[in-house]
Structures are given as C-alpha cells and as structure tokens.
Amino acid sequence: MSQEEGRAHRPKRTIMNVFAIFAARVTDALVRLYPSVSQEALARIVVEPPRDAGHGDLSTNAAMLVARPLGRNPREVALALVEHFRADADVAAVEVAGPGFINFRLATPIWHAALRSVAERGGDYGRSDVGRGERVNVEYVSANPTGPMHVGHTRGAVFGDALASLMAFSGYEVTREYYINDAGSQIDTLARSTLLRYREALGESIEIPSGFYPGDYLIPVGRALAGEFGETLRAMPEAEALPLVKDRALAAMMDLIRADLAKLNIHHDVFFSERQLHGPGGDVELTLNWLREQGMVYQGRLEPPKGKTPDEWEDREQTLFRATQYGDDIDRPLVKSNGQYTYFAADIAYHRNKYLRGFNHMVNVLGADHSGYVKRLEAAVNAISHGEAEIDVRICQLVRLMKNGEPFKMSKRSGDLVTLADVVEEVGSDAVRFMLLYRRNDAAMDFDFAVVKEQSRDNPVFYVQYAHARTYSIFRKVAEEMPALDASAAALAEADLSRLASEADLELIRALAQWPRIVASAASAHEPHRVAFYLYELAAAFHGFWAKGNQDVALRFVNADDSKLTLARLALVAAVRQVLVNGLSLLGVSAPEELS
RNA sequence: GACCCCGUAGCUCAGCAGGAUAGAGCGCAGGAUUCCUAAUCCUGAGGCCGCGCGUUCGAAUCGCGCCGGGGUCACCA
C-alpha cells in the first residue's frame with residue numbers, strides 16, 4: 001500500500017484497492033490524533049461504499065467505534081477526522097453524517113487511477129495477499145468410489161473448486177484434495193458386485209441381489225476382468241479373487257469419477273487413499289497410540305440417544321475419543337464391535353496426516369448429511385494439533401432437483417439416480433456451476449432443469465456472459481466504424497481517462513473498484529457466492545450504461561466523431577471485460593466472446 | 001430428546017466480525033429499439049426482516065426462549 005501511496009504525484013498513477021487505502025489513511029489519522037486509541041477498535045473499522053450513493057463514495061464508522069473507549073463524543077472524533085481529510089488531495093468533500101459516519105466524496109482522478117490499475121494488473125487485478133502465503137488444504141467431493149457421481153455431489157464439487165480458486169487468488173497456497181474412502185465394507189460390496197458382472201461377462205446369467213450395486217456402470221468393468229483373467233477368477237475361491245477385483249474396480253470407479261469431475265472442469269492435486277492409513281504401522285495405528293499417550297482415549301460406555309433408541313443398541317464398553325474436551329457433544333468411538341477401526345478413527349489419522357504435511361488451515365466441504373459430523377472433526381483437528389491448526393467445515397445443503405416445478409428423484413437406492421454427467425449434459429457446465437454458486441452453500445436450494453436450461457433473464461449466468469460478450473461487440477463495432485482508430489491495449493493504456501467524467505462513467509468505474517475488496521472478503525469468509533453476486537451487479541451496471549447511450553449520444557461507447565472519448569470509453573469497456581473474466585474464471589465459468 | 005442449517009416482497013434469494021430510508025431477479029402494471037445483440041434498459045406497486053425478551057448510541061444482523069421447515073443422531077461411509 002505504501003508503494004502505491006508513494007506514487008501519489010506521478011502522472012500515471014494506479015491504485016488497486018481504494019477502500020483498503022482509505023482504511024489505512026483513516027487508521028493512521030486516528031493514531032496521530034489519538035495516540036492512545038486501541039488496536040482492537042481500529043481493527044473493527046470499516047470503509048465501504050454507503051448503501052445510499054447520495055451519501056458519497058466512501059463511508060466509515062471509525063469515529064463511532066473509537067469514541068467510546070476514548071471517552072469522547074463520536075461527532076467530536078468525526079469532526080477531527082474531517083478536518084484532517086480536508087487536506088487530502090484525493091478527497092473532494094468530506095462530512096459528518098448521522099450518528100457519526102464520515103462520508104467521503106473522492107476527487108475524480110483517484111477513480112481514474114483505480115481504472116488504470118485494472119489494465120495494468122490484468123488477470124491479477126483483485127489478487128491479494130490476505131492469505132499471506134499460508135498453506136491451506138481444501139478437501140472436497142470425496143465421494144465414495146462405488147459408482148459415478150450423482151447430482152448430490154455436484155454442489156460440493158463446484159463449491160470446493162471455486163473456493164480453492166478464490167483462496168489461491170487471495171494469497172493462500174492451496175492444495176485441492178480428494179479423500180478416497182476405499183477401506184470400508186462398501187468397497188467389498190463393490191468388489192462382489194463387480195465379480196457378478198464378471199461372471200455375467202463370461203456368459204452366466206446372473207441376478208443382482210439386493211444390497212449389491214446394480215448399476216450398469218459395472219458391466220464394462222466385469223467385461224474387462226473377463227478379458228484380463230479369462231476363467232481364472234471364476235475358478236478361484238472368492239477370498240482370493242476379491243482383492244484382485246477390488247483393485248481393478250476401484251481404479252475403474254476413480255477413473256469414472258475423475259471423468260465426471262472433468263466435465264465440470266474440476267481437478268484435484270491430491271487423491272488421498274484411506275487404505276494407506278490402515279495396516280500395521282499405518283497412520284491410524286500411530287495416531288491412536290499418540291492419542292493414548294496424550295490421554296485423549298479411554299474405555300467407557302455411551303448412553304443411547306434419547307428419543308430415538310436404535311433398534312439394536314448394544315450397551316458395551318468401547319474405545320472412546322475424548323471429543324467432549326474439544327467441544328463435541330459426546331465422546332466418539334474409535335473401534336467397532338468387530339475390532340476394526342471406525343471411520344472416524346481413520347479420519348482423525350487422516351487429518352493428523354494433513355497437519356503433519358504442513359497444513360495449519362484446512363477446509364472440508366461436506367454434504368448436508370454430514371452436518372452431525374462437524375463438531376467431531378473440529379474436535380479432532382483441535383486435538384491432533386494442540387489447537388494450532390484450524391478447520392472450517394463447509395456444509396453444502398441439499399439440492400432439490402426439479403423439472404417444471406415437479407420434484408425429481410435422485411436417491412441411490414431407487415434405481416433412477418440422476419448423475420452429475422446427466423445434469424452437465426442437459427444444462428451445460430457453465431449454467432450448473434453458476435447456478436450452484438449463486439446461492440449460499442448453507443441454504444437448501446431448488447435446481448430446476450427447465451429454468452437453468454432456458455437462456456433467459458431467469459438465468460443469471462447468461463446475463464453475466466452476455467455482458468462479457470457485449471464488450472467484444474463494442475470492439476467489433478469500433479473496428480467497423482472507426483477503422484483508423486488504434487484500439488490496441490497499448491493505445492488504450494495511453495487513453496485520456498479524464499474524458500470519463502460523467503456520472504455514468506464514474507458509477508461504472510466505482511463498480512470496478514469494488515472488485516478487490518469483494519474478492520478478498522469472499523476468500524476470507526470462504527463464500528464464493530459473493531463473487532457470483534458481484535459479477536451480476538457489475539453486469540447490470542454495464543448493461544445500464546449501454547442503455548444510457550440510447551438516450552444520450554454522448555454516453556455511447558463508440559463516438560465516430562470523437563476518437564479521444566471513444567478511446568477512453570474503450571479503456572473502460574476493456575476494464576469491465578477484464579474484471580468479468582477474472583471473476584468468471586474464479587467460478588470456473590467460461591467467458592464467451594459471443595452468445596449464439 | 002440432542003445437535004446443525006434455514007425462516008427477509010406473491011415466488012426464488014442477497015444483505016448478517018451491528019450502522020444511515022432493508023435490496024435484486026422472477027411474477028404483476030406500464031414504458032424504451034432510425035443507432036454498438038431488446039439474451040438489454042427504464043418507471044411503478046409490493047415488507048410487523050417468523051414471534052417475544054434482552055445487550056447498546058443503534059439490531060434483519062449479536063444473546064436467550066419459543067414457533068415453523070430441512071438435515072443428522074454408537075458400532076455406516
């Protein structure tokens with residue numbers, strides 16, 4: 001920031017985050033005026049655009065926050081700040097309003113400097129260091145490798161992917177990770193189901209018993225086994241054949257899942273196998289020993305849950321993790337009655353593994369059916385890191401699939417599951433992604449095929465993409481009408497931005513200037529939907545500007561008789577395009593040059 | 001019985017590390033194109049922010065208690 005400050009009087013000044021700069025100036029001023037002001041109060045200061053544009057460009061609550069601890073009157077503090085900022089060349093007007101807000105109207109050149117920085121930083125405009133280079137592990141999808149992905153997984157997949165991009169853009173060193181649950185009994189079921197398909201491929205007529213996976217997707221796996229092994233597997237005892245089948249079935253399922261994810265342009269850095277945690281000397285064993293040494297494990301009994309008594313409740317002594325010491329509601333079993341480790345035991349080991357790999361920040365994206373698991377995970381991470389690591393578990397609520405208002409079944413038990421691939425094929429990756437990200441992750445949502453497919457105003461993705469396409473059509477128009485005009489990036493960089501002086505111009509520039517603070521706040525709050533909403537608003541501002549050209553020729557982007565103005569407007573259009581591209585790319589949505 | 005999410009315009013949802021007169025889209029009523037894509041724009045109507053109490057200069061936002069909807073609840077993953 002001081003770097004940018006230092007350039008205050010150079011002719012080609014650029015400023016990326018106006019709001020951050022003024023927050024710093026306000027803080028500095030307060031420290032100078034009131035040396036005893038507390039850091040705590042300063043940290044809560046917000047500089048943001050006021051809701052009502054009539055109040056100015058920027059507004060801060062600084063005086064109201066600081067006054068009380070200083071034993072002063074908010075208006076008195078505000079007036080002192082106002083006095084201070086009258087000397088600031090970037091401030092055109094500053095005043096106290098309401099209970100002690102300070103409203104700034106900024107001098108036009110600072111907005112032009114903000115606009116210039118969009119082109120200067122290009123794809124990096126909005127990039128920040130809020131993550132300070134810290135490593136974060138974002139675990140998402142982690143669907144069981146027993147079949148293709150269904151729609152239920154899609155939301156978490158898209159959310160996790162966008163969040164990872166967002167955090168990477170905001171200065172975190174991000175690892176995208178997928179935890180393969182390949183150690184449980186369902187994998188045995190998968191192997192048995194595949195074995196049936198293998199026998200089928202050899203000509204047997206088979207029936208899939210209930211409790212097995214009936215899906216057609218195992219047929220090719222069975223065929224491949226027949227090709228590889230011929231009759232050999234059939235001749236073996238099942239116990240011998242199953243491990244061979246298991247490995248191949250698993251590999252096939254993961255290929256399937258990776259292919260599904262690729263349809264949404266989702267790629268992980270690490271696929272972490274649960275199986276590698278098990279076995280003698282494995283992480284689970286090591287972790288349990290460690291937990292025992294720490295006194296975090298004991299033998300004890302659990303009360304059955306009230307209200308809902310499980311049918312086969314067996315009151316027995318078991319190995320428990322002291323989760324309650326770390327904020328959970330009850331202590332959690334680590335060993336099943338058959339002597340195997342619980343899923344949770346392996347998960348503790350897995351998260352300790354993450355921690356030992358150097359991740360002090362972890363994000364897990366889970367489905368709504370795991371909401372009861374959150375406290376347990378938090379407790380585990382707290383325990384294994386002695387409070388040094390933090391985990392944020394983001395729950396993606398249910399997506400109700402609809403078609404013209406009619407609910408769609410998507411249960412895995414009933415045969416008619418809707419797969420992720422079906423959805424992407426039907427509505428396209430862009431629409432799926434944007435629609436899912438245009439909603440907070442923790443609110444349940446309806447996803448109506450008919451609406452999402454329709455390229456209409458109901459569908460925000462097309463609205464935003466259309467804005468992007470419009471930036472191209474403007475440049476096409478210029479090439480046609482003003483062939484002599486050099487509209488290259490180099491020429492735009494030299495444009496006389498002072499020509500962008502109308503309220504409409506400044507309004508659009510202010511919208512662009514918001515991007516850095518929006519993206520930074522979205523990253524630190526782990527809320528990608530803020531990006532989607534911002535893009536919608538930016539698109540609206542741009543469409544609105546466009547329409548003003550219909551009323552007022554002076555507000556058109558292309559003015560054949562004023563090449564200087566046209567050039568400045570093109571610089572503005574290029575900046576809008578840049579921000580749309582930056583935002584859409586974080587969301588994993590394409591930015592087409594035209595909509596067909 | 002316990003825990004987690006949600007409750008804001010007719011509908012779908014933003015806004016919630018407290019801030020000024022609570023927003024958008026759809027729908028409804030009306031308007032805009034000799035001109036860069038009308039896949040757009042403009043205007044209007046429409047609100048006890050589920051209810052109550054509390055915290056304070058100030059609450060849709062924070063706390064407690066209700067009500068309603070969804071999810072979950074040893075040894076599945």
Side-chain angles (χ1 to χ4, degrees), chain A residues 43-44 46 48 50-52 54-55 59 61 64-65 67-68 74 97-101 103 142-144 146 181 183-187 274 301-310 312-316 318 320 328-338 340 342-344 346-347 367-375 393 395 397-398 400 438-446 448 451 455-460 462-463 465-467 469-470 473-478 480-481 524-525 529-530 532-533 536-537 539-540 542-551 553 556-558 573 594-595:
Chain A
R44 293 175 55 215
V46 175
E48 60 187 0
R51 197 176 294 156
D52 183 346
H55 289 136
S59 178
N61 58 357
M64 290 177 289
L65 289 176
R68 174 173 283 269
F101 290 100
N103 294 330
S142 300
N144 290 334
T146 57
N181 300 138
S185 60
Q186 77 215 330
I187 299 301
E274 182 186 350
R301 289 171 191 279
L302 286 177
E303 296 283 313
K306 291 174 181 159
K308 188 211 167 198
T309 333
E312 297 163 24
W313 180 267
E314 176 196 344
D315 187 22
R316 65 179 181 92
Q318 46 189 340
L320 298 168
D328 201 352
D329 303 316
I330 53 168
D331 292 334
R332 302 292 176 176
L334 298 170
V335 182
K336 301 187 214 171
S337 52
N338 66 7
Q340 292 179 335
T342 61
Y343 178 82
F344 180 54
D347 221 12
D369 52 342
H370 286 74
S371 54
Y373 199 69
V374 176
K375 286 189 181 177
V393 183
I395 295 292
Q397 288 296 330
L398 296 180
R400 276 188 302 271
Y438 197 63
R439 213 125 289 191
R440 295 172 50 121
N441 60 290
D442 49 9
M445 66 177 290
D446 292 343
D448 195 311
V451 172
Q455 299 199 357
S456 75
R457 52 235 161 248
D458 253 3
N459 195 340
F462 297 111
Y463 185 84
Q465 287 183 322
Y466 179 44
R470 265 190 160 167
S473 78
I474 290 165
F475 275 81
R476 284 193 295 270
K477 174 78 175 173
V478 156
E480 206 175 285
E481 289 200 358
S524 42
H529 76 274
R530 297 192 193 189
F533 277 92
Y536 188 90
E537 280 168 24
F542 182 59
H543 287 311
F545 193 114
W546 173 293
K548 285 184 184 121
N550 288 332
Q551 314 291 317
V553 181
R556 293 196 186 167
F557 294 109
V558 181
V573 172
E594 36 188 336
L595 303 186

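All values below come from the heavy atoms of this structure, side chains included, with hydrogens, waters and symmetry mates left out. Chain letters run A, B, ... following the sequence lines, proteins first, then strands; residues in each count from 1.
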**Study point:** A:Leu398/A:Arg400 under side chain to side chain contact (heavy atoms under 4.5 Å, CB included): CA gap, chis, key distance, verdict
**Key:** CA-CA 6 Å; A:Leu398 296 180; A:Arg400 276 188 302 271; 5.6 Å; no

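- Note on A:Val558: a base of the nucleic acid sits closer than 4.0 angstrom, heavy atoms only.
- For the P atoms, the distance linking B:C49 with B:A22 amounts to 10 Å, nearest Å.
- Within the 4.0 angstrom heavy-atom criterion, base atoms lie near A:Pro99.
- Of the candidate nucleotides B:A74, B:A20, B:A39, B:A39 has the atom lying nearest to any side-chain atom of A:Leu595.
- For B:U56 and B:G44, the P atoms lie 40 Å apart once the distance is rounded to whole Å.
- Taking only side-chain atoms of A:Gln186, from C-beta outward, the nucleotide of B:A77, B:G71, B:U40 with the closest atom is B:A77.
- In terms of heavy-atom proximity, A:Asn144 sits nearest to A:Gln186 at ND2-OE1, 3.3 Å.
- If you check B:A20, B:C36, B:A74 against the side chain of A:Ser473, the one that comes closest is B:C36.
- For the C1' atoms, the distance linking B:G54 with B:U61 amounts to 15 Å, nearest Å.
- Comparing B:U72, B:A14, B:A74 against the side chain of A:Ala443 picks out B:A14 as the nearest.
- Within the 4.0 Å cut-off from OP1 or OP2 of B:A39, not a single side-chain nitrogen or oxygen of A:Arg470 is found.
- Within 4.0 Å of A:Asn103, counting heavy atoms only, lies at least one base atom of the nucleic acid.
- Listed nucleotides B:A77, B:C41, B:A14 differ in distance to A:His370; the shortest reach to its side chain belongs to B:A77.
- The aromatic rings of A:Tyr463 and A:His543 stand perpendicular to each other, their planes meeting at an angle above 60°, with 30° marking the opposite boundary.
- Note: CG (A:Leu302) to P (B:C73) measures 15 Å, nearest angstrom.
- Positionally, the nearest nucleotide of RNA chain B for A:Phe533 lies more toward the 5' end than for the other of A:Phe533 and A:Arg476.
- Separating the C1' atom of B:G50 from that of B:C6 is a span of 11 Å, rounded to the nearest Å.
- Atom CH2 of A:Trp313 sits about 8.0 Å away from atom CD of A:Glu303, to the nearest 0.5 Å.
- Summarising the geometry of A:Thr146 relative to A:Ile187, their closest heavy-atom pair is CG2-CD1, 4.2 Å, with the distance given to 0.1 Å.
- In this structure, A:Gln551 atom CD and B:U40 atom C1' are separated by 13 Å, rounded to whole Å.
- Residue contacts shown for A:Tyr343 include a base, since a base heavy atom lies under 4.0 Å away.
- Residue A:Arg440 has no polar side-chain atom (N or O) positioned under 4.0 Å from OP1 or OP2 of B:C16.
- Distance CZ (A:Arg400) to C1' (B:G69): 9 Å, rounded to an integer number of Å.
- A:Glu480 comes within 4.0 angstrom of nothing in the nucleic acid, heavy atoms only.
- Summarising the geometry, the separation between CG on A:Asp328 and P on B:C73 is reported as 14 Å, rounded to the nearest angstrom.
- Remark: the separation of the C1' atoms in B:C4 and B:G18 is 24 Å, to the nearest Å.
- Between A:Phe557 and A:Phe542, the ring-plane angle classifies as tilted under the 30° and 60° cut-offs.
- Rounding to the nearest 0.5 Å gives a distance of 10.0 Å between CD of A:Gln397 and CG of A:Asp369.
- Counting any heavy atom pair closer than 4.0 Å across all strands shown, A:Tyr373 reaches a base atom.
- The separation of B:G25 from B:U21, taken at their P atoms, amounts to 23 Å, rounded to a whole angstrom.
- Within a 6.0 Å sphere centred on CZ of A:Arg476, heavy atoms belonging to other residues, nucleotides or ligands number more than 12.
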The test is side chain to side chain contact (heavy atoms under 4.5 Å, CB included); show your working for A:Val393 and A:Tyr373 and say whether it passes. CA-CA 9 Å; A:Val393 183; A:Tyr373 199 69; over 6 Å; no

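- When each of B:A20, B:C41, B:A74 is scored by its nearest atom to the side-chain atoms of A:Gln318, the top-ranked nucleotide is B:A74.
- A gap of 13 Å separates the P atoms of B:C41 and B:G27, to the nearest Å.
- Backbone-only contact: A:Ala444 has heavy atoms under 4.0 Å from sugar-phosphate atoms and none from a base.
- As rounded to whole Å, 12 Å separates atom P of B:A14 from atom CZ of A:Arg530.
- Among the protein residues, A:Met64 comes within range of the nucleic acid bases, having at least one heavy atom under 4.0 Å from a base atom.
- Heavy atoms of A:Glu594 sit under 4.0 angstrom from at least one base atom.
- Distance A:Asn550 CG to B:A32 C1': 8 Å, rounded to the nearest Å.
- Spacing between atom NE2 of A:His529 and atom C1' of B:C5 amounts to 15 Å, rounded to whole angstrom units.
- On a pure distance criterion of 3.5 Å, no polar donor-acceptor pair joins the side chain of A:Asp52 and the base of B:A22.
- Remark: the separation of the C1' atoms in B:C11 and B:G47 is 15 Å, to the nearest Å.
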Pairs under 3.5 Å (Watson-Crick or G-U), crossing ones as [ ], inter-strand ones as |: RNA chain B comes out as (((((((..((((.....[...)))).(((((.......))))).....(((((..]....))))))))))))....

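- Among the protein residues, A:Lys375 comes within range of the sugar-phosphate backbone only, with heavy atoms under 4.0 Å from sugar or phosphate atoms but none that close to a base.
- Considering all non-hydrogen atoms of both residues, A:His529 and A:Arg439 come closest at CB-O, 3.5 Å.
- Closest approach of A:Ile395 and A:Ser371 over heavy atoms only: CD1-CA, 3.8 Å.
- Within 90° of 0 lies the glycosidic angle of B:A17, which makes this nucleotide syn.
- Here A:Trp313 does not reach the OP1 or OP2 of B:C75: none of its side-chain N or O atoms lies under 4.0 Å away.
- The side chain of A:Tyr536 places no N or O atom within less than 4.0 Å of a non-bridging phosphate oxygen (OP1 or OP2) of B:G23.
- The base of B:A74 does not come close enough to the side chain of A:Thr342 for any donor and acceptor atom to sit less than 3.5 Å apart.
- Listed here is the closest heavy atom pair of A:Trp546 and A:Arg470: NE1-NH2, 3.1 Å.
- Counting non-hydrogen atoms under 4.0 angstrom, A:Asn181 reaches the backbone sugars and phosphates but no base.
- Closest to the side chain of A:Ala547, out of B:U12, B:C41, B:A20, is B:C41.
- The side chain of A:Arg51 sits closest to B:A20 out of B:A74, B:A20, B:G25.
- When distances run from any side-chain atom of A:Arg44 to the nucleotides B:G18, B:C3, B:A20, the shortest one goes to B:G18.
- With the nearest nucleotide of RNA chain B identified for both A:Glu274 and A:Gly372, A:Gly372 has the one nearer the 5' end.
- Considering only the side chain of A:Ser59, B:A20 comes nearest among B:C6, B:A20, B:A77.
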